[in-house]
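Okay, so here's the structure we're looking at.
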Amino acid sequence: MAAGNSRTIKASEFKAKCLQLMDEVAATGEEIVITKNGRPVSRLLPYRKKPKSIFGIDRGKIVILGDIMEPIDVEWEAESGRNWDDLL
């Protein structure tokens, strides 16, 4: 068995069950490593459409709460006038 989320099969088994295995990979997302003479030679992976751009990839997943432009009522150490030597 290959590492990760995959399973390994012989090329002869893949040849006999190719269409069935393609359907399984599409349904489960699990990759299949195909071997010849005990050595990995190929991988069958689910097809995933790549986004044209990463811009907007998380649209609908991130929610902004409140006003992100308005300053908060917390004084930062940088604004306090203290320096690093005072902290040591």
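Annotation: Asn37, atom CG; neighbour count of heavy atoms from other residues, nucleotides and ligands within 6.0 Å does not exceed 12.
Between Met22 and Leu19, the closest side-chain pair of non-hydrogen atoms falls below 4.5 Å. Using a 4.5 Å cut-off on side-chain heavy atoms (C-beta onward), Leu21 and Ile9 make contact.
The distance from the CD1 atom of Ile34 to the CZ atom of Arg7 is 10.5 Å, given to the nearest 0.5 Å. Between the CZ atom in Arg43 and the OG atom in Ser6 there is a gap of 8.5 Å [rounded to 0.5 Å].
Between Leu45 and Glu31, the shortest heavy-atom distance links the atoms CD2-OE1, 2.9 Å. Taking each heavy atom of Pro46 and Gly29 in turn, the nearest pair found is CG-O, 3.6 Å.
Among residue pairs with one or both ends in residues 8-18, those qualifying as salt bridge (charged side-chain N to carboxylate O under 4.0 Å, His left out) are Glu13-Lys17; sequence neighbours excluded.
A continuous path of ILVMFWY side-chain contacts below 4.5 Å connects Met69 to Ile64, so both sit in one hydrophobic cluster. Using a 4.5 Å cut-off between side-chain heavy atoms of Ile, Leu, Val, Met, Phe, Trp and Tyr, with links allowed through other members, Val41 and Phe14 fall into different hydrophobic clusters.
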Going through the distances and angles, do Tyr47 and Val25 end up as a side chain to side chain contact (heavy atoms under 4.5 Å, CB included)? CA-CA 9 Å; Tyr47 179 78; Val25 168; over 6 Å; no

